[in-house]
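So the structure is just underneath, and the comments pick up after that.
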Amino acid sequence: MYNFKIDSSKNVVIATAQGFFTESDAAIYLADYQKKVKTISPTTYTLIVDAREQKMVGANVEEDMQKAVNFYLSAGFKKVFITELQSSTAMSQVRRIQGLDRVTFVKTPEEALGLLSH
């Protein structure tokens, strides 16, 4: 399950992903993400990915996780935050993704929003 919220007053996009993602779920998520991003100017927005409740995925979906991070980074957002996952096993999968050195990890979306106001 996922959703995207665009807050134009704060210039923030919040992408929430939770539960277990299959390969087809991941493909739908990525297509919807791209549609949403086309409706804004990413260089003026911050992306917050709230995946705290995302579960460990199968090996075939790990490639899609890498694609998602590549999309996040290539869109040109001012800043990208990703919440740490509650599952340590799922978080270990995330840590294997390349490009995370350009992402700021936070505990909650509220923490990311607080960092933006400083």
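Once rounded to the nearest 0.5 Å, the distance linking CD1 of Ile14 with OG1 of Thr83 reads 10.5 Å. In this structure, the separation between CD on Gln86 and NZ on Lys107 is 11.0 Å, given to the nearest 0.5 Å. Here the CG-CG distance, from Leu100 to Leu73, works out to 7.5 Å after rounding to the nearest 0.5 Å. Asp50 contributes atom CG, which lies 9.0 Å from atom CG of Asn3 (distance to the nearest 0.5 angstrom). Here the CG-NZ distance, from Leu113 to Lys10, works out to 5.5 Å after rounding to the nearest 0.5 Å. Note that the CD atom of Glu111 and the CG atom of Leu115 stand 5.5 Å from one another [nearest 0.5 Å].
Phe105 carries Arg95 over the face of its six-membered ring, with the cationic atom under 6.0 Å from the centre and within 45° of the normal.
Minimum heavy-atom separation, Ala75 to Pro42: O-CB, 3.3 Å. Of all non-hydrogen atoms in Met91 and Glu84, the two that sit nearest each other are SD-CA, 3.9 Å. Here the shortest heavy-atom pairing between Ala51 and Leu85 reads O-CG, 3.2 Å. For the pair Lys36 and Ile6, the tightest heavy-atom approach, listed with the atom from each and the gap, is O-CD1, 4.0 Å.
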Could you walk me through whether Phe4 and Val37 satisfy the side chain to side chain contact (heavy atoms under 4.5 Å, CB included) test, starting with their C-alpha distance in whole Å, then the side-chain angles of each, then the deciding distance to 0.1 Å, before giving a yes or no? CA-CA 10 Å; Phe4 300 101; Val37 169; over 6 Å; no
Between Arg102 and Val80, is the side chain to side chain contact (heavy atoms under 4.5 Å, CB included) condition met? List the steps. CA-CA 8 Å; Arg102 297 170 31 212; Val80 177; over 6 Å; no
Pair Tyr72-Val13, side chain to side chain contact (heavy atoms under 4.5 Å, CB included): steps then yes or no: CA-CA 11 Å; Tyr72 300 155; Val13 175; over 6 Å; no
Please test Gln66 against Asn70 for side chain to side chain contact (heavy atoms under 4.5 Å, CB included), starting from the C-alpha separation and ending with a verdict. CA-CA 6 Å; Gln66 180 68 60; Asn70 292 346; 2.9 Å; yes
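Tracing side-chain contacts under 4.5 Å through hydrophobic residues (I, L, V, M, F, W, Y), one reaches Phe71 starting from Tyr45; they form part of the same cluster. No single ILVMFWY cluster, assembled from side-chain heavy atoms under 4.5 Å apart, contains both Met1 and Ile48.
Of the options Thr16, Asp25, Asp32, a side-chain hydrogen bond (donor to acceptor under 3.5 Å, both in side chains) to Tyr2 is made by Asp32 and by none of the others.
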